[in-house]
Chemist: 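Take a look at the following structure, please.
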Amino acid sequence: MELSKNYIPGEVETKWYQHWIDQGYFHSEPNNKPAYTVVIPPPNVTGVLHMGHCLNNTIQDILVRRARMQGMNPCWVPGTDHASIATEAKVVAMLRERGIAKSSLSRDEFLGYAWEWKEKYGGIILQQLRKMGCSLDWERTSFTMDPDYYETVIKVFVDLYNKGKIYRGKRMINWDVKAKTALSDEEVIHKEVNGKMYHIRYKLDMPGEEYITIATVRPETIFGDTAICVHPKDDRYKHLVGKHAFVPMINRRIPIIADDYIEIEFGTGALKVTPAHDVNDFNLGQKHGLEVIETMNDDGTMTDAAPMYLGKDRIEVRKIIATDLEASGNLVKIEDYVNQVGFSERTDAIVEPRLSLQWWVDMKQLAGPALEAVMSDEIQFHPAKFKNVYRHWMDNIKDWCISRQLWWGHRIPAWYDADGNVYVAENEAAVNAKYPETNGKTLTQDSDCLDTWFSSWLWPIEVFKGMSNPNNTEINYYYPTSTLVTAPEIIFFWVARMIMAGEEYMGKIPFKDVYFTGIVRDKQGRKMSKSLGNSPDLLGLIDQYGADAVRFGIMIASPAGNDLLFDESTLEQGRNFNSKLWNAAKLLKMWEPRISNEGTVPQDAAFAMDWFQAKLSATQIEVDEMLKTFRLSEALKTIYGLIWDDYCSWYLEWIKPGFEQAIHADVYNKSIEFYDSLLQLLHPFMPFITEELHHALKTQTQDLCVKEYEAIGKVDETVLNAGALLKNVISTLRDARNKNQIKPKDSIDLHIQSENNAAYQRIENILAKQVNAKSIAYTQASIGSSIVVALEKDKFYLVADQAIDTASLKENLLKDLEHQKGFLASVEKKLSNEKFVQNAKPEVIAIEQKKKADALARIQTIEESLAQL
RNA sequence: GGGAGCAUAGCUCAGUUGGUUUAGAGCAUCUCGUUUACACCGAGAGGGUCCGCGGUUCGAACCCGUGUGCUCCCA
């Protein structure tokens with residue numbers, strides 16, 4: 001097979017992906033091999049691929065492909081999440097564009113549009129994963145609202161309700177005024193916002209003109225005030241406790257109470273208490289039996305509690321109320337103030353604390369085993385630092401608000417009669433059966449649906465129908481899954497809850513390892529986001545550089561557990577690596593017509609082969625260890641260096657036949673074999689080009705994608721060291737040539753003075769070729785008018801045609817001498833320290849003594865060289 | 001306010017229970033070079049007060065304390 005001048009990724013990628021699919025390599029069925037199961041963190045069904053997905057799925061694919069080549073039975077399950085709030089928001093927006101208001105539709109009509117939308121756009125992200133080369137089992141594609149999955153979610157709700165782990169209650173929740181739904185605590189993003197602190201005085205219900213001044217960042221909520229609270233020990237206000245004051249503008253009379261919750265130093269030390277719109281105020285209100293007055297509607301506009309602002313948005317009111325308060329004489333001052341404000345994760349609306357009747361999961365009942373599983377390392381977190389984060393959240397766990405005032409999702413299986421009694425069962429018939437008193441009564445189903453994560457937490461179980469068809473062959477084989485790869489930001493949303501669900505419903509952990517990826521940021525360290533416009537178009541990048549280069553680029557810059565700063569230059573590096581791989585194969589193929597079986601393998605080529613075999617095995621062991629510990633980026637760097645430097649720059653140069661010379665068949669075949677091993681090692685990271693080259697090298701009986709790794713050979717340390725010495729000698733001599741401005745084309749005569757000539761004789765052909773020496777001779781004495789180079793205990797004399805720059809030579813030697821002397825001094829200092837000799841381990845002392853001997857020898861060599869100049 | 005983490009070359013990072021030659025890699029930079037795979041290249045080089053201070057130790061990038069600066073999570 002002839003290789004084109006350059007590697008063109010596009011066609012090759014399409015060709016091989018289709019081939020792999022056609023061969024069914026990615027499809028898994030339970031068999032007698034060990035399972036390696038990965039479930040994809042299901043992306044939002046309406047989503048498109050971004051850099052975060054790229055990183056996350058590349059990592060999963062590396063693990064899965066590696067497992068496949070290790071002879072396991074990998075199963076990587078794709079799928080999407082219905083993403084209740086995000087999808088509903090998109091559908092509402094789409095309808096609005098078409099001039100349809102959600103409020104004008106019935107639930108069923110709306111869901112009709114939503115499904116239509118899902119069918120049309122839902123598959124995009126999965127198609128994009130194919131472009132990246134992900135070896136997902138497409139026959140297993142799941143969706144969190146598939147019929148079986150849907151039923152399972154409902155069953156789980158009913159079950160937890162029956163067990164008393166789900167309840168309905170009126171509590172403070174986070175209200176998204178845009179989506180008009182409740183949110184869980186995890187869906188609220190706290191950001192720092194520059195705001196104002198308003199100091200407002202309330203007239204006291206006392207004779208005369210006396211006031212009490214409070215400080216607030218939310219003046220529009222004064223209409224919901226039902227008390228003013230001060231610290232019982234605050235001398236400024238002690239005398240006012242038990243008295244009353246009037247809310248400005250509406251003149252409602254409220255009590256002044258005392259509670260040590262108040263921070264005396266904060267603001268004016270007097271707090272306005274608004275139980276309907278602040279969690280802390282609500283708790284205070286409960287404690288003191290205060291009235292709750294709601295001032296806000298579900299869309300964020302003011303209620304008739306604030307008659308003068310009725311129907312106006314609370315943000316707008318905050319702007320104008322200052323003027324009105326000033327007019328009424330109640331505004332004392334306004335200060336700049338930075339405070340934390342909660343925003344909806346999905347709609348970015350400012351979240352309003354609101355008192356509301358919702359459904360809750362009692363998390364304390366579920367947390368115990370889930371915490372234990374991680375703390376005992378039954379589930380291992382990588383990096384382990386996330387254990388702390390996890391424990392902290394679990395220790396302070398709060399109940400989970402799971403009802404959402406949305407239509408797109410799993411509808412809550414609760415029914416109400418005319419009196420407001422609640423009945424929970426799978427469906428209305430089940431309600432009637434379970435609660436005979438409901439027969440004949442008109443029941444209405446709860447109109448809310450469940451939080452998306454209430455379905456996602458069953459993902460590793462239900463993609464194998466572990467609940468809709470308990471104990472089936474697949475769940476028993478694939479569960480628990482092997483590795484979960486996900487972002488640390490969803491550790492609470494998803495990871496923790498999956499562990500809870502696994503323990504609750506399978507009695508087993510859902511996965512053994514969790515690998516947390518970093519967050520993809522731009523060059524300036526900003527998180528990539530749509531609004532900043534700093535998220536590159538992934539498909540465009542794949543078109544430009546090829547999928548392998550993109551995978552390489554994102555992995556090489558991706559230290560385990562740290563954020564990665566995405567820089568397109570790493571993709572260039574990946575593309576260059578493609579070229580390097582391609583060209584090395586081209587070189588090998590160029591030799592094919594000149595293969596010869598005559599004679600024996602030349603000594604130098606034999607050495608090169610022995611050395612590379614040792615280097616390959618040593619690196620395979622190293623890479624294996626790195627991958628076992630999830631140090632993927634390091635593993636890729638190591639493979640990159642092995643291919644580029646050791647194979648291409650050293651090995652291939654060492655065995656390269658002279659101009660138009662034959663290559664021995666054994667050398668050729670071994671070189672092809674080595675290269676194939678390198679491709680195999682690299683395959684999980686860069687699947688396309690490696691598969692292509694695997695087949696280009698020679699006729700293969702098997703695709704690389706499913707070729708199993710062979711046992712790693714034993715590492716010959718002696719030859720490994722000999723190779724290292726050779727590389728060192730070559731580099732040192734090349735440096736000497738460079739510094740003496742000997743042109744690459746000009747050859748030299750090399751004289752070696754060593755006590756171990758045999759070591760050099762074995763490799764002298766390589767040496768001659770690599771330092772452009774036309775002769776190599778061995779000598780016992782120094783050679784005049786030559787460039788002298790000292791290395792270890794050996795000396796090298798380079799005889800060139802041109803004049804020698806003695807001055808710079810001397811300078812270099814002196815510099816080296818100084819360094820060696822300094823080093824010797826530090827070693828001697830250590831060895832002459834009695835305490836060191838007494839306390840240090842014997843092997844450490846031996847090392848120090850060897851260092852000393854080596855340094856002395858080197859100093860002698862350098863001094864001898866200097867003497868000759 | 002509570003908690004966690006980080007600080008090593010211009011940049012991104014390795015550095016395993018403290019001792020493995022006076023700290024390593026990749027990228028970037030500089031010098032030289034188009035020699036029959038590759039300029040998307042080759043050869044070579046330069047570049048570090050391991051954040052500051054104090055301590056433990058025969059010995060500290062590594063352990064302890066403290067200060068500073070960043071990042072993340074939670075409220």
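Quick note on labels: first sequence line is chain A, next is B, and so on, each numbered from 1. These numbers come from the heavy atoms of this one structure, side chains and all, not from hydrogens, waters or symmetry mates.
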Chemist: Taking NZ from K727(A) and P from G44(B), how many angstroms apart are they, rounded to a whole number?
Modeler: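 About 11 Å, once rounded to whole Å.
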Chemist: Go ahead and name the base partner of A23(B); Watson-Crick or wobble counts if both distances stay under 3.5 Å, otherwise write none.
Modeler: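 Pairing partner: none.
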Chemist: Expressed in angstrom and rounded to an integer, what is the separation of D645(A) atom CG from G24(B) atom P?
Modeler: 17 Å
Chemist: How far, in whole Å, is G69(B) from A23(B) if one measures between their P atoms?
Modeler: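 It comes out at 31 Å once rounded to the nearest Å.
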Chemist: Find the distance Y640(A):OH to C40(B):P and express it as a whole number of Å.
Modeler: 14 Å
Chemist: Could you tell me whether the side chains of Q770(A) and W650(A) share a donor-acceptor contact shorter than 3.5 Å?
Modeler: no
Chemist: In whole Å, what separates the C1' atom of G26(B) from that of U21(B)?
Modeler: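 The same atom, C1', in both gives a distance of 24 Å.
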Chemist: Among V771(A), I787(A), N740(A), exactly one meets side chain to side chain contact (heavy atoms under 4.5 Å, CB included) together with L798(A). Which residue is that?
Modeler: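 In the set V771(A), I787(A), N740(A), the residue that makes a side chain to side chain contact (heavy atoms under 4.5 Å, CB included) with L798(A) is I787(A).
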Chemist: Step by step, would you call R218(A) with D278(A) a salt bridge (Lys or Arg N to Asp or Glu O under 4.0 Å)?
Modeler: CA-CA 10 Å; R218(A) 307 196 54 193; D278(A) 184 280; over 6 Å; no
Chemist: Ignoring the backbone of K656(A), work out which of A37(B), G19(B), U21(B) is nearest its side chain.
Modeler: A37(B)
Chemist: Checking base pairs now: Watson-Crick or wobble, both atom distances under 3.5 Å. What partners A61(B)?
Modeler: none
Chemist: Between G67(B) and A7(B), how far apart are the two C1' atoms, rounded to whole Å?
Modeler: 14 Å
Chemist: At under 4.0 Å between heavy atoms, what does R391(A) touch on the DNA or RNA strands: base, sugar-phosphate, or nothing?
Modeler: nothing
Chemist: Tell me if the centroids of the rings in F386(A) and F381(A) come within less than 6.0 Å of each other.
Modeler: no
Chemist: Check whether any side-chain N or O of N388(A) sits under 4.0 Å from OP1 or OP2 of G5(B), and answer yes or no.
Modeler: yes
Chemist: Taking atom P in both G24(B) and G2(B), what distance in whole Å separates the two?
Modeler: 42 Å
Chemist: Could you measure between the two C1' atoms, the one in U16(B) and the one in C72(B), and give it in whole Å?
Modeler: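 Nearest-Å result for U16(B) against C72(B) at atom C1': 26 Å.
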Chemist: Rounded to the nearest angstrom, tell me the gap between atom CH2 in W591(A) and atom C1' in C38(B).
Modeler: 13 Å
Chemist: Using a 4.0 Å heavy-atom cut-off, does E653(A) contact any base of the nucleic acid, only the sugar-phosphate backbone, or nothing at all?
Modeler: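 Counting heavy atoms under 4.0 Å across all strands, the contact made by E653(A) includes a base.
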Chemist: Partner of A43(B) by Watson-Crick or G-U wobble geometry, both contacts under 3.5 Å, or none?
Modeler: U31(B)
Chemist: Is S649(A) touching bases, backbone alone, or none of the nucleic acid, heavy atoms closer than 4.0 Å?
Modeler: sugar-phosphate
Chemist: Could you give the distance separating G48(B) and C32(B) at their C1' atoms, to the nearest angstrom?
Modeler: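 It comes out at 26 Å once rounded to the nearest Å.
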Chemist: Do K387(A) and D377(A) pass the salt bridge (Lys or Arg N to Asp or Glu O under 4.0 Å) test, and can you show the C-alpha distance, the side-chain angles, and the key distance before you say yes or no?
Modeler: CA-CA 9 Å; K387(A) 276 170 79 173; D377(A) 281 333; 3.1 Å; yes
Chemist: Phosphate oxygens OP1/OP2 of C40(B): is one of them under 4.0 Å from a side-chain N or O of R575(A)?
Modeler: no
Chemist: What nucleic acid atoms does N833(A) come within less than 4.0 Å of, heavy atoms only: base, sugar-phosphate, or nothing?
Modeler: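 Sugar-phosphate, backbone atoms only, no base.
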Chemist: Side chains of D185(A) and N174(A): do they bring a donor and an acceptor to under 3.5 Å?
Modeler: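 Yes, N174(A) and D185(A) have a side-chain donor paired with an acceptor closer than 3.5 Å.
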Chemist: Considering just the side-chain nitrogens and oxygens of K835(A), establish if one lies under 4.0 Å of OP1 or OP2 belonging to U57(B).
Modeler: no
Chemist: Hey, what do you get for OH (Y261(A)) to CG (N280(A)), rounding to the nearest 0.5 Å?
Modeler: 3.5 Å
Chemist: Could you check K739(A) against L565(A) and say which one's nearest nucleotide on RNA chain B is further toward the 5' end?
Modeler: L565(A)
Chemist: If we call it a pair only when both distances are under 3.5 Å in a Watson-Crick or G-U wobble match, what pairs with C72(B)?
Modeler: G3(B)
Chemist: Starting at CD of E843(A) and ending at C1' of G19(B), how long is that distance when rounded to a whole Å?
Modeler: 10 Å
Chemist: Have Q573(A) and T570(A) got a donor and an acceptor in their side chains that come within less than 3.5 Å?
Modeler: no
Chemist: Side chains of K830(A) and N833(A): is there a donor and an acceptor less than 3.5 Å apart?
Modeler: no
Chemist: Between the protein and nucleotides 72-75 of chain B, list every N/O to N/O distance that falls short of 3.5 Å.
Modeler:
residue	atom	partner	partner atom	Å
A75(B)	N6	Q340(A)	OE1	3.3

Chemist: Without decimals, in angstroms, what is the distance between L733(A) CG and A45(B) P?
Modeler: 12 Å
Chemist: Taking only the side-chain nitrogens and oxygens of K580(A), find out if one of them lies under 4.0 Å from OP1 or OP2 of G42(B).
Modeler: yes
Chemist: So what does D735(A) touch, heavy atoms closer than 4.0 Å: a base, only the sugar-phosphate, or nothing?
Modeler: sugar-phosphate
Chemist: Work out how far the C1' atom of U57(B) is from that of A14(B), and round it to whole angstrom.
Modeler: 26 Å
Chemist: Taking CD from Q741(A) and P from C32(B), how many angstroms apart are they, rounded to a whole number?
Modeler: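 These atoms are roughly 9 Å apart.
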Chemist: Tell me whether the side-chain N/O atoms of S731(A) come closer than 4.0 Å to OP1 or OP2 in A43(B).
Modeler: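 It does not, given that no N or O in the side chain of S731(A) lies less than 4.0 Å from OP1 or OP2 of A43(B).
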Chemist: Once you measure the plane-to-plane angle for Y640(A) and F577(A), does it fall in the parallel (<30°), tilted (30-60°) or perpendicular (>60°) bin?
Modeler: perpendicular
Chemist: Does G67(B) have a Watson-Crick or wobble mate here (both distances under 3.5 Å), and if so which one?
Modeler: C51(B)
Chemist: Which whole-number value in Å describes the distance from K830(A) NZ to G18(B) P?
Modeler: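 K830(A) atom NZ is separated from G18(B) atom P by 15 Å.
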Chemist: So which nucleotide does U17(B) pair with, by the Watson-Crick or G-U wobble rule with both distances under 3.5 Å?
Modeler: none
Chemist: Determine the interatomic distance between P on A4(B) and the same-named atom on G59(B); round to the nearest Å.
Modeler: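 About 32 Å, rounded to a whole number of Å.
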Chemist: Should U36(B) form a Watson-Crick or G-U wobble pair with both distances under 3.5 Å, which nucleotide is its partner?
Modeler: none
Chemist: Need to verify one output field. Residue with the more 5' nearest nucleotide on RNA chain B, T732(A) or N576(A)?
Modeler: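 First, find each residue's nearest nucleotide; the 5'-ward one identifies N576(A).
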